[in-house]
Amino acid sequence: MRDITLKPTTLRSATASGRIRLGAEGIAMVRERRVDKGDVVECARIAGIMAVKQTPNWLPHCHPIPVLDAHLDFEPEDDALAIRATVRTIAATGVEMEALTAVSAAALCVYDMMKPHVDTGTLRIDGIHLAEKKGGKTQFGRKAKAGRAAVIVLSDTVAAGKKPDTAGRSVADGLADAGFDIAGYEVLPDEPEQLDRRLREWLEQRPDLIVTVGGTGVGARDRTVETVQPLLSTELPGLMEAARGFGQARTPYAMLSRGIAGLAGGTVVCTFPGSRKGAEETLAAILPGLVHLIEVCRFSRPHEGGYT
């Protein structure tokens with residue numbers, strides 16, 4: 001199974017459609033409820049809902065997820081019964097396969113109930129396909145069409161050459177994969193004055209995003225938050241609240257991060273924790289919000305409304 005531990009949970013839905021051809025007489029029997037085995041539509045509805053719950057047992061790469069809503073609709077046509085299934089969840093992966101499985105199982109149920117009444121040359125299941133999906137990366141973009149980013153790592157030991165940087169490099173690579181142009185990457189010791197000077201120099205260049213990595217803990221040398229906060233014109237507490245909530249579901253120590261985020265003029269500034277795992281989880285949690293801020297709101301570029 002694919003690792004989805006770094007994917008954020010979102011409201012996701014999928015709708016699948018298909019049909020089973022029964023011929024005109026077969027459709028009449030379904031409409032008039034003259035089928036020996038019972039009400040075809042209601043039996044098929046139950047079969048589809050049961051199939052939704054069994055999807056991860058039937059398909060080896062499907063993750064078991066909470067199904068929060070599942071319903072099937074049936075529409076008799078001239079010679080066929082159209083089937084439509086919609087499934088919803090709040091999870092880290094989608095429900096396309098659950099919706100497709102529901103339609104497939106419902107169609108098979110109809111086939112089984114109608115085969116004593118309809119010639120097998122007429123009975124045919126076809127057109128099963130995914131009609132719509134929402135949520136996840138298809139709706140909440142994780143790729144920026146454009147954007148310049150700078151990454152500043154705060155670590156006395158890394159700056160002294162005593163250990164390699166992995167957290168900052170991981171963030172820079174993650175941002176590059178998301179479509180950002182990495183305008184700068186540098187390592188500084190945990191010195192507030194030096195960080196303040198470099199942040200001000202970077203802000204003069206007006207990048208779309210500055211990410212600091214490290215110095216958000218409670219140690220005596222962890223002064224990143226105190227250095228960044230006075231530079232913010234508008235704080236965006238929801239970004240780091242989302243990051244802490246995301247991390248807390250994975251480690252009980254995420255609550256200890258003091259990271260903040262906000263706007264410094266037209267630049268988004270975020271303070272990430274210094275551990276590689278914490279930095280990666282933070283980026284995974286807030287990347288859709290960053291893309292929205294930078295691509296949709298376009299804070300760092302002139303746009304209608306006068307903000308520059």
Side-chain angles (χ1 to χ4, degrees), residues 141-156 158-161 165 167-217 221-240 242-243 257-274 278-279 282-283 285-308:
R142 302 179 65 82
K143 288 280 187 179
K145 296 178 182 177
R148 295 171 60 245
V151 177
I152 302 175
V153 178
L154 286 308
S155 171
D156 289 331
V158 173
D165 168 51
R169 286 293 185 188
S170 180
V171 170
D173 291 344
L175 290 172
D177 289 342
F180 287 90
D181 172 31
I182 305 304
Y185 161 84
E186 57 190 272
V187 178
L188 303 178
D190 289 303
E191 295 291 347
E193 295 80 6
Q194 191 171 350
L195 173 60
D196 180 77
R197 182 175 66 254
R198 289 300 295 139
L199 284 172
R200 293 179 185 277
E201 290 170 354
W202 270 113
L203 288 172
E204 289 180 359
Q205 300 181 42
R206 302 187 67 184
D208 297 279
L209 173 66
I210 297 175
V211 176
T212 67
V213 181
T216 62
R221 298 278 289 170
D222 292 330
R223 308 304 294 170
T224 299
V225 172
E226 290 79 3
T227 305
V228 169
Q229 196 161 33
L231 301 177
L232 301 180
S233 52
T234 303
E235 290 196 36
L236 299 170
L239 285 172
M240 288 302 124
S257 175
R258 299 188 299 119
I260 60 172
L263 296 173
T267 298
V268 182
V269 182
C270 300
T271 61
F272 283 21
T282 298
L283 181 61
I286 71 172
L287 186 56
L290 291 178
V291 170
H292 180 76
L293 273 172
I294 292 166
E295 284 299 318
V296 179
C297 299
R298 300 172 63 220
F299 281 108
S300 66
R301 293 176 290 281
H303 65 286
E304 188 175 339
Y307 191 96
T308 59

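Excluded from the calculations below are hydrogen atoms, water molecules and symmetry mates; all remaining heavy atoms, backbone and side chain alike, are included.
Judged purely by atom type and a 3.5 angstrom limit, Arg223 has no side-chain atom pairing as donor or acceptor with the backbone of Pro192. The backbone N or O of Pro207 sits less than 3.5 Å from a side-chain atom of Thr267, completing a donor-acceptor pair. Between the side chain of Thr271 and the backbone N or O of Ile260 there is at least one donor-acceptor pair closer than 3.5 Å. With Thr216 contributing its side chain and Ser257 its backbone, the two residues share no donor-acceptor pair below 3.5 Å. At least one donor-acceptor pair closer than 3.5 Å links the side chain of Arg258 to the backbone N or O of Asp222.
In this structure, Ala285 and Pro288 approach most closely via the heavy-atom pair O-CD, 4.0 Å. Here the closest heavy-atom approach between residue Cys270 and residue Leu209 is recorded as SG-CD1, 4.3 Å. Nearest heavy-atom pair across Gly274 and Ala167 is O-CB, 3.2 Å. The two residues Leu239 and Ala261 come nearest to each other via the heavy atoms CD1-CB, 3.8 Å. For the pair Gly168 and Val153, the tightest heavy-atom approach, listed with the atom from each and the gap, is CA-CG2, 3.6 Å. Closest approach of Pro189 to Ala159, counting heavy atoms only: N-CB, 3.7 Å.
Distance check, rounded to the nearest 0.5 Å: CZ of Arg198 to OG1 of Thr227 gives 14.5 Å. A distance of 5.0 Å separates CD1 of Ile182 from CG of Leu175, quoted to the nearest 0.5 Å. Once rounded to the nearest 0.5 Å, the distance linking CD1 of Ile294 with CZ of Arg148 reads 11.5 Å. Separation of atoms CG (Leu199) and CD1 (Ile152) is listed at 4.5 Å; rounding is to 0.5 Å. The structure places CG of Leu154 at 9.5 Å from CD of Glu186, a figure rounded to the nearest 0.5 Å.
Among Leu231, Leu232, Leu236, the one residue that satisfies the side-chain contact (heavy atoms from CB on, under 4.5 Å) test with Leu263 is Leu236.
With sequence neighbours excluded, the residues forming a side chain to side chain contact (heavy atoms under 4.5 Å, CB included) with Arg169 are Asp165, Tyr185, listed by chain and number. The side-chain hydrogen bond (donor to acceptor under 3.5 Å, both in side chains) check on Gln205 picks up nothing, with sequence neighbours excluded.
Taking the side chain as every heavy atom from C-beta outward, Ile286 and Phe272 approach each other to under 4.5 Å.
Looking at Glu191 and Arg197, no side-chain N of the basic residue comes within less than 4.0 Å of a carboxylate O on the acidic one, giving no salt bridge.
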